[in-house]
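Letters A, B, ... mirror the listed sequences (proteins, then strands); counts begin at 1. We use all heavy atoms of the structure for the numbers below, so side chains are in, but hydrogens, waters and symmetry mates are not.
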Amino acid sequence: MTEEVIKIKDLKGYYRGSFGVVHAVDGVSLSVNKGDIMGITGESGCGKTSLAELITGRPIQLLHHEGGQVYVNDLSMYELVAEVVRKEILCKVMGYVPQASQNSLNPVKKIRNFILDAMRERIGTKTKNKEKVLNQVAEHFKKLGLEKSVIDKYPHELSGGMKQRVVVGISTLWNPLILIVDEPTSALDVTTQQLLIKTLINLKKAGIVETILFISHDLPTLAQICNLCIIMYAGKIVEKASMDDIISNPQHPYTKMLIRSIACFNPDGSAETNLEGIPGSPPDLKRPPKGCRFYPRCSSSLEKCKENYPPFFIPRTESNQVACWLYEEVGD
Amino acid sequence: MKLTEMEITEKKENEEQDSFSESSEKQSTFKKFISNSFLHMAIKKGIFYFVVFFIALTLAFLIPRLVEGNILEYIYQRPQGTPQAVWDEEIKQLEEYLGLNYPLHIQYINFLRSFFFEFDLGYSTLFRLEPVINIVERTLPYTLMLVVPVLLITFFIGNWIGARAGYSGKRKDKIAYYVFIVLQTAPFFWLGYVFVDLFIVELNWFPYGGTVPPWAWDWNAISTIFDHFWLPFVVLILTNIGGWSTGAYSLMTFEKGEDYLAYANKLGFRDKTMRKYAFRNSMLPQFTGLNLRFNGLIGATLITEVIFNFPGLGATMLLAFKNHDYNLIIGTFIITIIIVVVGNYLIDMCYAVLDPRIRVGGKGE
Amino acid sequence: MTKEMLLETKGPELEDSSFKEVLKEKYHNAMARYKAQLILLFVFLVVILIIVILTYIPPFNEPEKVYWVEGSRDNFRDPTFKHLLGTDQHGRDYLTRLLHAIRNSLVFGFITGLLCTGIAVFLGVIGPFKGGVTDTTTSFITNIALVFPQIPFILLMSAILQTREWWVTMLIIGLFTWPWAARSIRSQVLTLKERNYVKVAKMSGLKESKIAFVEVLPNVLPYIFLAFIIFLGNAIIIEAGIAIIGLGQQNWLTLGLLLNHAVSWGLIYPRRLYAMWLTPGICLILIYLAFFIIHSSVSRTFEQRKA
């Protein structure tokens, strides 16, 4: 019996500024079930981070929610009053670890004061028993491999990896059921990357976090941890499938080229010499094309692809959906 | 295989972290105090400002003496009836008495010695040979009375107006901001005279001119001082708020987009708290400008005092200039430098207290 | 991998050495966006040009010409169209004097600005380039001079030297207002020195001074120009501020001198001749506004180029 914890219906989010309007997320529909570890990947600028920002209900400054709905545990993020969303959903149900979280901590506050502030914001009054609360926080941080002394420091006294782990710790402090992690590994060295991934797996195993949405452009990392994967391109989802299927049997032309462009080892141990990039570049999202957005770079495109955007087709199993006209006759 | 490798690296890292935290705990509190970077910085800055003051003092000593011509001829005009020869003889005697015919370095040492050990700045010829230091002591509070409130009020209100306009971006919050930007374009000295004409001459709301003659200035005159105080106070505030507002506006606009605010937003912070965070963090760079602005404010205050005949250091300096009272000119200047140096030092200390990044150096891994 | 590395190291060098081309492109962008500011700027330049030209055309070219024979009592206010702002204490047409004062103030500011900029650039650039003792000395000097309060020193110097010549005032203002710009330029030069393309130039054996002029200086020019603009406006206003209390220069007809006369001849009180003492102040406001706009639009253009 799988529960849908996140349900996104035709979500649209645009950046509005002096540069014009950028259609960062243009009609995305998605369901995440309880217990999934879902990876979201794609090129830079495809809308992964924007999608995550929109799911939290508190997108960053220039990003505006333009249409569609997001339901978290059946609570609508954009239709409910902001107070309710703030108190019920943020932190308690859904935690968010932003990209490049080194800068996400207030530089003039010690970690402990920042956490106490966050608590006060949620509870409404100041914490009475500070020491007890901080001890619990220290216990929680220990699971991430952080010492108790970290809490008494300022952010600039910590290394990048430690700051990242602190942010993960703060985001998981209220045991959120859903954790959205945005490119947590891109700014870290390999050892710390492994540590962080291990931490996430441990959090899931310990039952603190039930569902994880893992955003990264690094497919090998995703392959380690995720069971489902979503490929995004130019603001739309092009393929949803299980991780194994994506790697071993990609359906969408973009996914295929993505897999082929990763450096892997051949079965016999030698390095792969046929690295292929994907020619061309993503379309300008200020004026998105009306047909399939991958059309200009696709090597197996049809006439239909230029005119209409393809809906999702299901070639084989329910969990395997592709938005490509090539699979029209095969699926539903 | 993979798991055990990861376990080993994790153990190593834990050991490193343990040794680091152990060593910091083992340091005794005394050692911590001595190696406290705040104290270091306080002492370093103190020495620096003392050097600055010393150089200014030396300049104040040297400049008048390097000017061509006899200092005494500048101070004392030859009276009408006295023949030139007799006057020259009197000048010579006065020189010997005042010790002006010693070589320069001896004069310098005497000067330093009398300043630092006896706080002696000479005698004022305008005020009937009253010691300069006494005159300065009387007039200094009036200048401070003008400078310190103006500095605090313009800083806080100016930053608040600019930050509010920057954070919300709505038109109604920006009105005050625009008003003060326009006001700051007026030169304060000219605006001062506009006020003199408008409020003193036309409307007669405030009196003009010192009601008490200079040599009778004392604390009793303070009750009338407030009547003289309001106009220069308002002029200085109106022309200085705009500068802070512009800076605060651009800093806040920049701070709004910072990552930590976006993250706090997602953690469920209220708008009020986020505004407090943004305000406090965006104002930090303003403190570095506080030094320069303070110096500028001192200068502006000195001139404004003259315009409104407010009995502070500026008015005294000009009075001394008009009456060729050389000692008093130098004396007021030196006291002004002292105010500037002490003020700058205090501001630097405040900044260090407020920004932990200066106090505690980045230690990291 | 190696191809990308090469492309990366070549990138910044190309960008920064084709300074003029990039500037032209950004100029077009700036034109589109800050139309209002540029229009104001244009208007200001045109007005200045008109004023300067007017000062050479009769009847505006004689600021000392006396129109009334019986000197000191004749202060008429807007008598006819002939003297739009009246005549002053000595019977000289005030409008002419005002126009000349504007022109002379601007020239004064320009020259003082050059002096200040020269000092600031010199101390800001040689430090990072000669390195070592020179750098420590110049930054020490700059830091100390930064603490010296401008106006008290200027007041002291003016009082002691009893300045009546304009060039003395110019020297005094020039000697005490440069420190902040020197520090800003020095930090900019330091960051530029660490950029890749300078290191590449160094490795390829160029002389230090050549690097300074060819590679670094063009990129510091925006800051130098901005500093010059600030110095210009600042000098004009300080000169007026010193003059109005009687410590300024008195042999060149500037706005400061007009204000000085306004105060010392009692034009404010008791004569209450508004046309004569309000107008120099309004001119100062407009000049300050103009430089403010120039400064903000130029700095925005250059910031865009950096970003």
Side-chain angles (χ1 to χ4, degrees), chain A residues 53 56-62 82-83 85-92 94-110 114 117-118 120-122 124 145-150 153-162 167 170-171 173-174 180 191-192 194-195 197-198, chain B residues 2-3 5-25 167 169 253-274 276-284 351 353-365:
Chain A
E53 295 272 342
T56 62
R58 293 266 188 282
I60 61 174
Q61 217 187 346
L62 294 169
E83 262 310 289
V85 170
R86 188 175 77 80
K87 286 213 165 116
E88 297 302 318
I89 305 183
L90 293 178
C91 283
K92 255 170 51 171
M94 181 160 64
Y96 180 77
V97 178
Q99 193 173 14
S101 30
Q102 279 91 335
N103 296 324
S104 294
L105 298 166
N106 191 347
V108 300
K109 276 192 176 278
K110 287 191 184 173
F114 183 64
D117 276 349
R120 189 192 58 207
E121 295 297 306
R122 303 208 55 76
L146 291 168
E147 284 277 318
K148 184 168 199 268
S149 59
V150 160
K153 296 214 164 97
Y154 287 97
H156 63 274
E157 295 178 276
L158 305 172
S159 71
M162 287 161 92
V167 172
I170 296 179
S171 299
L173 209 51
W174 288 270
I180 306 180
T191 329
T192 328
Q194 287 302 312
L195 182 62
I197 294 173
K198 219 168 68 80
Chain B
K2 259 192 198 174
L3 268 171
E5 270 179 23
M6 285 201 288
E7 276 176 24
I8 292 175
T9 46
E10 192 183 339
K11 255 196 194 161
K12 272 199 195 147
E13 209 176 300
N14 279 340
E15 276 170 16
E16 282 171 19
Q17 285 179 2
D18 275 331
S19 59
F20 176 67
S21 58
E22 265 176 31
S23 60
S24 64
E25 276 171 62
Y167 191 81
T253 318
F254 176 74
E255 199 77 16
K256 246 199 321 182
E258 281 287 291
D259 289 342
Y260 70 89
L261 282 175
Y263 182 54
N265 197 5
K266 299 204 173 55
L267 284 178
F269 274 62
R270 284 171 300 175
D271 197 44
K272 200 170 79 156
T273 321
M274 287 196 294
K276 240 194 331 175
Y277 274 14
F279 190 94
R280 198 183 169 286
N281 288 18
S282 64
M283 287 312 115
L284 283 176
Y351 188 39
V353 165
L354 287 166
D355 188 356
R357 285 175 285 191
I358 288 194
R359 267 188 284 151
V360 194
K363 283 187 200 144
E365 41 226 315

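To the nearest 0.5 angstrom, B/L267 atom CG is 10.5 Å from A/T56 atom OG1. Between the CD atom of A/E53 and the NZ atom of B/K266 there is a distance of 3.5 Å, given to the nearest 0.5 Å. Between atom CG of residue B/D259 and atom CD1 of residue A/I60 there is a gap of 8.5 Å, rounded to the nearest 0.5 Å.
Panel note: side chain A/E121, backbone B/R270; a donor-acceptor pair is recorded below 3.5 Å.
Contact count versus chain B (heavy atoms, under 4.5 Å) is highest, among A/P155, A/G95, A/G161, A/A118, for A/A118. Top candidate by heavy-atom pairs under 4.5 Å with chain B, chosen from A/V167, A/L90, A/N106, A/N103, is A/N106.
With a 4.5 Å cut-off on non-hydrogen atoms, B/Y263 touches chain A through its side chain but not through its backbone. Interface residue A/I170: backbone and side-chain heavy atoms are both found under 4.5 Å from chain B. Using a 4.5 Å cut-off between heavy atoms, B/K256 touches chain A through backbone and side chain atoms alike.
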